[in-house]
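Here is the structure we will look at, set down as structure tokens.
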Amino acid sequence: MEGPSPSLAVLRDRPVWPAAGRRQSGGEAETDRDMKKHFRVCRFIMETGVKLGMRSVPVATACVLYHRFFQRARLQAYEPYLVAMSCVYLAGKVEEQHTRTRDIINVSHRYFNSGSVTLECDKEFWDLRDSVVQCELLILRQLNFHVSFEHPHKYLLHYLMSVKSLVNRHAWSRTPVAETSWALLRDCYHGAMCIRHTPQHIAIATLHLALDSYGVELPVGEREWWQAVK
């Protein structure tokens with residue numbers, strides 16, 4: 001079992017760039033330990049995004065940036081929480097919901113140190129800010145500046161509206177299909193599923209699982225419902 005999350009001091013003191021000979025492509029098989037680590041870091045991204053008041057799509061973009069980065073880099077070569085903080089910062093720019101580095105650092109500081117006070121603008125703070133900015137440049141270079149992504153959110157919204165029109169309104173109101181679908185979609189970003197499948201397929205899969213979980217039956221026709229709503 002892994003130890004607790006690192007403090008911000010650890011993030012600041014660990015070099016952004018790996019030592020010579022350590023930088024390798026991320027083609028190796030992912031271990032259970034790595035997957036659990038990615039899950040926890042993505043949970044950190046989501047909780048940080050909520051506390052910063054970020055919308056769902058910028059948070060999703062931050063998670064995709066994180067997964068794309070470690071698709072190309074070894075987890076052991078970089079501090080994942082520092083990468084995550086930089087992904088949140090970069091995602092705010094990409095999705096036009098700019099977030100100050102100071103706010104990201106302070107929210108992260110409280111995440112690692114519950115009940116702590118806001119950081120002073122001293123050398124420790126500025127060193128950490130520099131690390132976040134340097135790591136942002138590293139992410140951009142690693143992803144060849146391809147940082148704009150299509151997400152399943154708009155597809156899921158469209159599919160929900162279409163399926164709702166096919167279901168008895170009383171049956172629909174009794175089951176939280178929409179809420180469950182959005183929750184399942186959010187969970188997809190904890191792992192690499194969000195970058196392995198198309199947005200349309202992820203949206204359909206989450207809605208199908210939600211409908212199946214509550215036993216909601218749709219009218220039988222010549223085509224399956226997911227073929228009809230696409």
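Residue numbers run from 1 in the order of the sequence given. For the numbers below, each heavy atom of this structure counts, side chains included, while hydrogens, waters and symmetry mates do not.
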Could you list the donor-acceptor pairs under 3.5 angstrom formed between side-chain atoms of residues 44-59 and any protein atom two or more places apart in sequence or on another chain?
from  : atom 1 : to    : atom 2 : distance (Å)
Thr48 : OG1    : Phe44 : O      : 2.7
Arg55 : NH2    : Glu95 : O      : 3.3

Checklist outcome for this item: Across all chains, not counting sequence neighbours, the side-chain hydrogen bond (donor to acceptor under 3.5 Å, both in side chains) partners of Tyr89 are none
Checklist entry - If every non-hydrogen atom of Ala210 is compared with every non-hydrogen atom of Ser181, which pair is closest and at what distance? => result CB-OG, 3.3 Å
Checklist entry - So do the side chains of Ser162 and Leu166 get within less than 4.5 Å of each other, counting heavy atoms only? => result no
Checklist entry - Are Phe149 and Leu65 side-chain neighbours, meaning at least one heavy-atom pair lies under 4.5 Å? => result yes
Checklist outcome for this item: Value for CZ (Arg68) from CD1 (Ile195), rounded to nearest 0.5 Å, stands at 5.0 Å
Next on the checklist: Taking the side chain as everything from C-beta on, heavy atoms only, tell me whether Leu160 gets closer than 4.5 Å to Leu207.
Outcome noted: yes
Next on the checklist: Ignoring hydrogens, what is the shortest heavy-atom contact between Leu75 and Phe70? Give both atom names and the distance.
Outcome noted: CA-CE2, 3.6 Å
Item to check | Separation of His190 NE2 from Lys36 NZ (nearest 0.5 Å) | outcome: 15.0 Å
Checklist entry - Is there a donor-acceptor contact under 3.5 Å from the side chain of Ser86 to the main chain of Val132? => result yes
Checklist entry - Under the criterion side chain to side chain contact (heavy atoms under 4.5 Å, CB included), which of Leu211, Leu209, Val216 is the partner of Ser213? => result Leu209
Next on the checklist: If I take atom NE2 from residue His146 and atom CG from residue Leu140, how far apart are they, to the nearest 0.5 angstrom?
Outcome noted: 11.0 Å
Next on the checklist: Given 3.5 Å as the limit, does a donor-acceptor pair link the side chain of Asn113 with the main chain of His109, or not?
Outcome noted: yes
Next on the checklist: Same cluster or not: Leu157 versus Val167, using hydrophobic residues (I, L, V, M, F, W, Y) connected whenever any side-chain heavy atoms lie under 4.5 Å apart?
Outcome noted: yes
Next on the checklist: Count I, L, V, M, F, W, Y as connected when their side-chain heavy atoms are under 4.5 Å apart, and connections chain through other members. Are Val177 and Leu184 then in the same cluster?
Outcome noted: no
Next on the checklist: Checking Tyr189 against His67 for the side chain to side chain donor-acceptor pair (under 3.5 Å) test, could you report, in this order, the C-alpha distance in whole Å, the side-chain angles of both residues, the deciding distance, and whether it holds?
Outcome noted: CA-CA 9 Å; Tyr189 285 89; His67 289 302; over 6 Å; no
Next on the checklist: Using side chain to side chain contact (heavy atoms under 4.5 Å, CB included), reason through His158 and Lys154 one step at a time and then give a plain yes or no.
Outcome noted: CA-CA 6 Å; His158 169 67; Lys154 62 180 180 181; over 6 Å; no
Next on the checklist: Tell me which pairs pass salt bridge (Lys or Arg N to Asp or Glu O under 4.0 Å) where either residue lies in residues 97-107, with sequence neighbours left out.
Outcome noted: Arg100-Asp103
Checklist outcome for this item: Distance col, row Leu128:CG vs Leu82:CG, nearest 0.5 angstrom, shows 7.0 Å
Next on the checklist: Tell me if a side-chain donor or acceptor on Ser131 pairs with a main-chain N or O of Asp127 at a distance below 3.5 Å.
Outcome noted: yes
Checklist entry - Any chance the side chains of Tyr155 and Glu150 put a donor and an acceptor closer than 3.5 Å? => result yes
Checklist entry - Hey, does Lys37 have a side-chain heavy atom less than 4.5 Å from the side chain of Tyr81? => result yes
Checklist entry - Looking at Val64 and Cys194, what are the two nearest heavy atoms and their distance? => result CG2-SG, 4.1 Å
Item to check | Close side-chain approach of Pro176 and Tyr214, heavy atoms under 4.5 Å | outcome: yes
Next on the checklist: With clusters defined by side-chain heavy atoms of hydrophobic residues (ILVMFWY) lying less than 4.5 Å apart, directly or transitively, does Tyr66 cluster with Met193?
Outcome noted: no
Checklist entry - Rounded to the nearest 0.5 Å, how far does CZ of Phe145 lie from CD1 of Ile139? => result 11.5 Å
Next on the checklist: Holding to salt bridge (Lys or Arg N to Asp or Glu O under 4.0 Å), I want the full list of residues that pass it with Lys164, two or more places apart in sequence or in another chain.
Outcome noted: none
Checklist entry - When clusters are formed by joining ILVMFWY residues with side-chain heavy atoms under 4.5 Å apart, either directly or through shared neighbours, do Ile105 and Trp126 land in the same one? => result yes
Next on the checklist: Restricting to non-hydrogen atoms, name the atom on His151 and the atom on Thr61 that form the minimum distance, rounded to 0.1 Å.
Outcome noted: NE2-OG1, 2.9 Å
Checklist entry - With a 4.5 Å limit on heavy-atom distance, are the side chains of Pro152 and Thr206 in contact? => result no
Next on the checklist: Could you tell me if the side chain of Phe69 sits less than 4.5 Å from the side chain of Cys87, heavy atoms only?
Outcome noted: no
Checklist entry - What residues form a salt bridge (Lys or Arg N to Asp or Glu O under 4.0 Å) with Asp187, not counting sequence neighbours? => result none
Item to check | Thr101: partners by side-chain hydrogen bond (donor to acceptor under 3.5 Å, both in side chains), with sequence neighbours left out | outcome: Arg129
Checklist outcome for this item: Value for NE2 (His201) from NE2 (His208), rounded to nearest 0.5 Å, stands at 13.5 Å
